[in-house]
Amino acid sequence: MGIIATIALVVLGISFMVFVTFFGRLPALRGTPISWLHKVIWVHFPNLLKSVDRRITGGRIAPACTRFGNYMMYDRHPSVLIFFLLLLSIGEILYLPTTWPQLTPLTKLTGSISIILPYIFLYLAASTDPGYITLSNHSQEMSRYPYDFTLFHPGAECHTCHLLKPARSKHCSVCKRCIAKNDHHCIFINNCVGANNQHWFILLLLSTAVLTAYGGILGVYLMAKKMNFFFPYWALFPWNANNGEGMPLRDWLVIWSWGFQNQVGMGAVTLLAGLTSPLVWGLLGYHVWLVYCGTTTNESMKWSDWSYEMREGFAFKRKMLDAGQRQKDLRIEPEWTRWPAETEQVLVRTENGQCPAEDDATLPGYGPWEVVWGLKDVENLYDIGFWDNLVDVMVPGYNFKDEPKGWGGRPESRKRKKRRAKRIYLA
């Protein structure tokens, strides 16, 4: 059992490190052991190594390691993408020769589909333009979403691209471009996840989650079937062995060890799939939750910052005029957007916690300001209900309302009733 235990511990360790790396900075996990571990691994431990390097070598090694780490994590290269492809393909090469002859025609069909789909969605997620904002498509991207005057305000300019930032866009320091509806830069696809490829990314997560679960369950079933043939008194669970009388845990594990070593390739991949599947399902669940909330990874960080300001009493809101009554500055705002809702509030922060002056002409909106103490008291303009949020993700550029005559954009689509954005709780 030593080899199996070692493999299991290595896989669990890698999976846990990946989880801490990618989830440790999420707003929902701030103040948790996961966030603390993230700081230890990515802040305190590197600082300790730099301190040791300064004492031993005068600081000659740390800069090279820093450059390599920055290249791996913050530069665009296919290393992790290639690793992901090798993990999939080598796992299937080890797994299929043993399992394929034992499968029924239906299982072969469903298995083939589950194997092929991750490659297709990986290619599409990696090769699709995520929503690069250029001078030629800037006006179209400006009409994708209205400004909410909370997370995104009109008039902000990208100092690198020298273009006005459309609502929900963000400049990616890895891609060196502004990305429409930028969720995050994913090193597994060597690309940003943005407005045009978010659906492919979610389908990649779904297909990979199904593949790992399918492979793990099928592998356990085939191994259990063989072990039960050679050891009739054995059962999948130790308390069911010996016709329900149970068997010692040590004997039960010895038989499992025999099963793994008898079919090493399939056993190792089954173990890998079973241990990594929860991580992939967790990533999928997180992104489905973001769709449900009508937000992105980038925006959830912004909402977390607002939550802190609200708890300190530094956030204030007031009403915004309806779109038909408000005079837009067409130099910095789009005349029309495809989105079915317009902002109903403006949210501002102050440095000293003092309420802004009601007659301050430099601030948009009208009426008295009121202090905001929590996210439950504000509206998310980009949340128009789960199904419409899902349509926005799965059908990029879908027009939720008809384009005005003479707009010259995409074909008109059916109107959707304007829905009030539901409240969000992200922090």
Do the non-hydrogen side-chain atoms of [X] and [Y] ever get within less than 4.5 Å of each other?
X	Y	answer
E370	R318	no
C186	N191	no
I187	R76	no
P340	I384	yes
L363	V346	no
F152	R168	yes
K165	M142	no
R311	S307	yes

**OP:** Check the pair C161 / H171 against side-chain contact (heavy atoms from CB on, under 4.5 Å), numbers first and verdict last.
**Re:** CA-CA 8 Å; C161 299; H171 186 87; 3.4 Å; yes

Is [X] reaching over with its side chain to a backbone N or O of [Y], donor-acceptor style, under 3.5 angstrom?
X	Y	value
T343	Q345	yes
D53	G58	no
T128	L124	yes
N137	T134	yes
T276	L272	yes

Pairs of donor and acceptor atoms involving the side chains of residues 201-223, under 3.5 Å and at least two apart or interchain, shall be tabulated with distances.
{"residue": "S207", "atom": "OG", "partner": "L203", "partner atom": "O", "Å": "3.0"}
{"residue": "S207", "atom": "OG", "partner": "L204", "partner atom": "O", "Å": "3.0"}
{"residue": "T208", "atom": "OG1", "partner": "L204", "partner atom": "O", "Å": "2.7"}
{"residue": "T212", "atom": "OG1", "partner": "T208", "partner atom": "O", "Å": "3.1"}
{"residue": "T212", "atom": "OG1", "partner": "A209", "partner atom": "O", "Å": "2.9"}
{"residue": "T212", "atom": "OG1", "partner": "S277", "partner atom": "OG", "Å": "3.1"}
{"residue": "Y214", "atom": "OH", "partner": "T107", "partner atom": "O", "Å": "3.4"}
{"residue": "Y214", "atom": "OH", "partner": "T110", "partner atom": "OG1", "Å": "2.6"}

**OP:** Find out whether the Lys NZ or Arg CZ of R349 is both under 6.0 angstrom from the six-membered ring centre of F314 and within 45° of the ring's axis.
**Re:**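 Not satisfied by the 6.0 Å and 45° rule.
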
Original post:
Any chance the rings of H44 and H38 have centres within less than 6.0 Å?
Top reply: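 So the answer is no for these two rings.
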
Original post:
Could you give all pairs that pass the side-chain hydrogen bond (donor to acceptor under 3.5 Å, both in side chains) test and reach residues 112-127, with sequence neighbours left out?
Top reply: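 Of all non-adjacent pairs touching residues 112-127, those that pass side-chain hydrogen bond (donor to acceptor under 3.5 Å, both in side chains) are E92-Y119.
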
Original post:
Aromatic rings F386 and Y292: how do their planes relate, parallel, tilted or perpendicular, breaks at 30° and 60°?
Top reply: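 Because their plane-to-plane angle lies in the 30° to 60° range, the rings of F386 and Y292 count as tilted.
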
**OP:** Classify the ring geometry between F149 and H153 as parallel (under 30°), tilted (30 to 60°) or perpendicular (over 60°).
**Re:**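 Aromatic pair F149/H153 classed perpendicular.
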
**OP:** Please round to the nearest 0.5 Å and tell me the distance separating atom CG of D322 and atom CZ of R326.
**Re:**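 The CG atom of D322 sits 10.0 Å away from the CZ atom of R326.
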
Original post:
Which pair of heavy atoms, one from D383 and one from C293, lies closest together, and at what distance?
Top reply: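 So the two residues come closest at CB-O, 3.4 Å.
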
Original post:
Does CG belonging to L249 count more than 12 external heavy atoms closer than 6.0 Å?
Top reply: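 Yes, because the 6.0 Å sphere around CG of L249 holds more than 12 heavy atoms from other groups.
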
Subject >> Candidate pair E141 and R144, rule salt bridge (charged side-chain N to carboxylate O under 4.0 Å, His left out), full reasoning >> reply: CA-CA 5 Å; E141 293 300 341; R144 190 185 289 270; 2.8 Å; yes

